[in-house]
Amino acid sequence: MRSCAPASTAGSSPAREPASPGTRAQFPALAETDAVYLDSASTTQKPLPVITAVRGYHESRTANAGRGTYPWASQVTREIEDVRARMAGFVGAEPEEIVFTGGATAGLNAVALAWALTNLGDGDEILYSPRDHASNVYPWVQLRQLLQGFGRTVRLVPYRVNAMGEADIGDIAAKLSPRTRLITVAHLHHVFGALTTLEELRGDIDPRIALCFDCSQSGGHLPVDVRELGADFAVFAGHKMFGAPGTGVLYCARRRHGELSPFLPGGNSAVTLDDSGLHAGAMPRRLEGGTPNIAGILALGAALRVLNDYGMDAVAAHNRALTIALIAGLRTVRGLEFAPGPAYAPCETGYGIVSFTLAGISAADLGFVLSEYGFLVRTGAHCVPDGETDADSVRVSTHVYTTFDEIDRFTECVATIAEEVG
């Protein structure tokens, strides 16, 4: 099964050692606290090269991009295009397929407004999971409402999630119809920590159906190849891959470029105006407008260099080993119940995210008690739309700076709390 084959590490014994010597020294915030940070699915800690990139842009030769021929402006323009090329290489794309956005949420909304708004007709369908992050649900609900105003009805068809937290491939296959135009999935689920690739459906999906992957959690945590995924669209969140907040990437496959309308038309966008109206220009600037988050884009470039230095196979292997250790430690805790995810997989696997509840104490209270002991975790519904979550939960998420000692101490602390609440 897909859940038993994590990136090039399946079948190997997890090594209880950091991904690379001196890893934690690169992250200043971790060196200045005794707290154990276990919330990397929310945002990652920032390595020194990223901090230096943000500070360097503001301290030295600050200029706008794409708006001047003087050396400072030309240099920053070249640097942004270098980051674009670097990001393309990181995910197996071409530079013209990489669009800089304000984040993954902005990227998904761009797909809805620049592609779906003008390409979906009356009666067309979108397959989605109501248990995904709200950013991969609300844009499609908003799109449906917008199209209703134009007299077009688009159906949102929900599909199930299985016990391992993956999209239910059988349910998706059963709900495919001649009117299906888009399937949108979480590549790595933000609560369940389960991987979905749709590879089982590869030969059964009509080429007219666009595939959209939310790679917010997988980007920077495991190797991602958009061509291998067969993605038409994929979004990435810079701040979840060592980068700065307010920066994201939207991948748009070249085969869809002719279907894209301008997004954020304005200054610096590839749009022309004549008596007949606006006309779309070349990608990727067709979907970019206004002054970009220059410092954030330069920080993303620094983050990509750090990730490449670690090697994404090594990052994925480290998170897998941590996840296996975490599940093993929590499995013996009385009253603890895992959310869907790798704890229910038929083999040892994991991608750095595990969620659970504990009998006798709410997730919010458990998170507060854990923080008093120095363990920083996420609690609540985790941005799953209202009414679509079984219960609030505690989510633990790791990265290269997380150590096995921290995981051991965390599971011991949870076990102690479980004894105290009975």
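At least one side-chain heavy atom of L182 sits under 4.5 Å from a side-chain heavy atom of C212. Side chains of S42 and R395 form a contact here, defined as non-hydrogen atoms less than 4.5 Å apart. In this structure, the side chains of L198 and I172 come closer than 4.5 Å at one or more pairs of heavy atoms.
Nearest heavy atoms, V384 versus V191: CG2-CG2, 4.1 Å. When all heavy atoms of L304 and M241 are compared, the pair lying nearest together is CD2-CE, 3.9 Å. The two residues I353 and A41 have their closest heavy-atom pair at CD1-CB, 4.0 Å. For Y344 against A163, the heavy-atom pair with the smallest separation is CD1-O, 3.6 Å. For A343 against R331, the heavy-atom pair with the smallest separation is O-NH2, 3.2 Å. When all heavy atoms of P223 and D313 are compared, the closest pair comes out as CG-OD1, 3.3 Å.
Listed by chain and number, the residues in a side chain to side chain contact (heavy atoms under 4.5 Å, CB included) with T101 are V99, A106, L250 (sequence neighbours excluded). Among residues two or more places apart in sequence or in another chain, the side chain to side chain contact (heavy atoms under 4.5 Å, CB included) test is passed with T77 by A65.
The pair R378-D39 does not meet the salt-bridge criterion, since no charged nitrogen lies less than 4.0 angstrom from a carboxylate oxygen.
Judged purely by distance below 3.5 Å, without hydrogens or angles, the side chains of Q148 and T153 never pair a donor atom with an acceptor atom. Side-chain contact check for S216 and D214: at least one donor-acceptor pair (N or O, by modelled atom type) lies under 3.5 Å. Between the side chains of T291 and N64, at least one donor N or O sits under 3.5 Å from an acceptor N or O.
Taking the six-membered ring wherever Trp is involved, the centroid distance between the rings of Y401 and H318 does not fall below 6.0 Å.
Judged by distance alone, with hydrogens and angles left aside, the side-chain atoms of S60 form no donor-acceptor pair with the main-chain N or O of Y57 at under 3.5 Å. A distance-only check finds no donor-acceptor pair linking the side chain of R152 to the backbone of R144 [under 3.5 Å]. With hydrogens and angles disregarded, no donor-acceptor distance shorter than 3.5 Å links the side chain of D124 to the backbone of L120. With K240 contributing its side chain and S40 its backbone, the two residues share no donor-acceptor pair below 3.5 Å. In terms of modelled atom types and a separation under 3.5 Å, the side chain of S371 and the main chain of G374 share no donor-acceptor contact. Looking at N293, its side chain does come within 3.5 Å of a backbone N or O of G246 through a donor-acceptor pair. Remark: the backbone N or O of G243 is paired with a side-chain donor or acceptor of K46 at under 3.5 angstrom. No donor-acceptor pair under 3.5 Å is formed between the side chain of N162 and the backbone N or O of D168. When atom types are taken as modelled, the side chain of R305 and the backbone of L300 share no donor-acceptor pair closer than 3.5 angstrom. Using a distance-only test at 3.5 Å, with no hydrogens or angles considered, no donor-acceptor pair links the side chain of D232 to the main chain of C252.
Within 6.0 Å of CD on E337 lie no more than 12 heavy atoms contributed by other residues, nucleotides or ligands. Around atom CZ of R334, no more than 12 heavy atoms belonging to other residues, nucleotides or ligands sit under 6.0 Å away. Counting heavy-atom neighbours within 6.0 Å of R55 CZ, excluding the residue itself, gives a total above 12.
The salt bridge (Lys or Arg N to Asp or Glu O under 4.0 Å) with R84 is formed by just one residue from the set E94, E97, E288, E79; it is E288.
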Please determine whether salt bridge (Lys or Arg N to Asp or Glu O under 4.0 Å) holds for the pair E81 and R86, giving the CA-CA distance in whole Å, both sets of side-chain angles, and the decisive distance to 0.1 Å.
CA-CA 9 Å; E81 293 311 309; R86 189 180 297 274; over 6 Å; no
Candidate pair E125 and R179, rule salt bridge (Lys or Arg N to Asp or Glu O under 4.0 Å), full reasoning:
CA-CA 6 Å; E125 298 174 349; R179 300 311 302 267; over 6 Å; no
Using a 3.5 Å cut-off and no angle test, enumerate the donor-acceptor pairs between side-chain atoms of residues 321-329 and protein atoms at least two apart in sequence or in another chain.
{"residue": "T323", "atom": "OG1", "partner": "N319", "partner atom": "O", "Å": "2.6"}
{"residue": "T323", "atom": "OG1", "partner": "G352", "partner atom": "N", "Å": "2.8"}

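Sorted pairs that involve residues 413-422 and meet side chain to side chain donor-acceptor pair (under 3.5 Å), not counting sequence neighbours, are lacking altogether. Listed by first then second residue, pairs satisfying ring-ring contact (aromatic ring centres under 6.0 Å, His included) with a partner in residues 355-378 read F375-F410, not counting sequence neighbours. Within the structure, the ring-ring contact (aromatic ring centres under 6.0 Å, His included) test picks out the following pairs touching residues 234-259 (sequence neighbours left out): F27-F242, F242-H399.
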